[in-house]
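Computed from a prediction, not measured in an experiment: that's the story for all the values here.
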Amino acid sequence: MKNLSFSTFKTVASVGMVAALLAATTGCVTTPGGYNIYDDIYEDVYKDSHEHKKHKGKHKKNDKHDKHNYDSAVEQRATNKVRSMGYRVKDVKYKKGDRKIKVKAERGRDDYKIELGYPSYNVIKLKKH
């Protein structure tokens with residue numbers, strides 16, 4: 001009988017320790033209220049500051065920033081085209097709706113004005129300046 005009670009005590013003690021460790025581990029991993037690790041960093045900074053309202057309406061189709069990004073992409077592609085021809089690009093000008101891209105470039109010691117067609121990016125005019 002003593003053997004059985006010592007064995008039972010041992011089992012109960014080990015189960016109790018495992019349960020306590022499991023409860024502590026679970027408590028550390030899961031936190032109440034959907035706590036996010038970044039909440040404490042950003043909560044005080046943006047609380048009641050209405051930061052989200054400053055960006056309202058920025059993603060419209062007729063936004064100036066979108067037009068600028070489009071123009072920049074056209075100018076970058078024109079720059080890459082002229083560089084592939086062996087010129088160093090100084091300036092690129094493009095206005096939306098225009099069929100020409102004007103590029104100022106140099107090769108060696110000579111300056112050139114190059115006109116590229118849009119959207120094909122083919123050379124229309126090459127003038128030594």
Validation: residues 109-117 side-chain donor-acceptor distances under 3.5 Å, sequence neighbours left out:
unit_1: Asp110; atom_1: OD2; unit_2: Lys128; atom_2: NZ; d: 3.3
unit_1: Asp111; atom_1: OD1; unit_2: Lys90; atom_2: NZ; d: 2.9

Point to revise | Partner of Val92 by side-chain contact (heavy atoms from CB on, under 4.5 Å), out of Asp71, Val82, Thr79, Val74 | key: Thr79

Any heavy-atom pair between the side chains of [Y] and [X] that's under 4.5 Å?
X: Tyr118; Y: Ile124; value: no
X: Met85; Y: Val123; value: yes
X: Arg83; Y: Val89; value: yes

Point to revise | Considering all heavy atoms, the nearest Ala78-Tyr121 contact | key: N-CE2, 3.8 Å

**Study point:** Lys93 versus Asp91, closest heavy-atom pair with distance
**Key:** CE-OD2, 3.1 Å

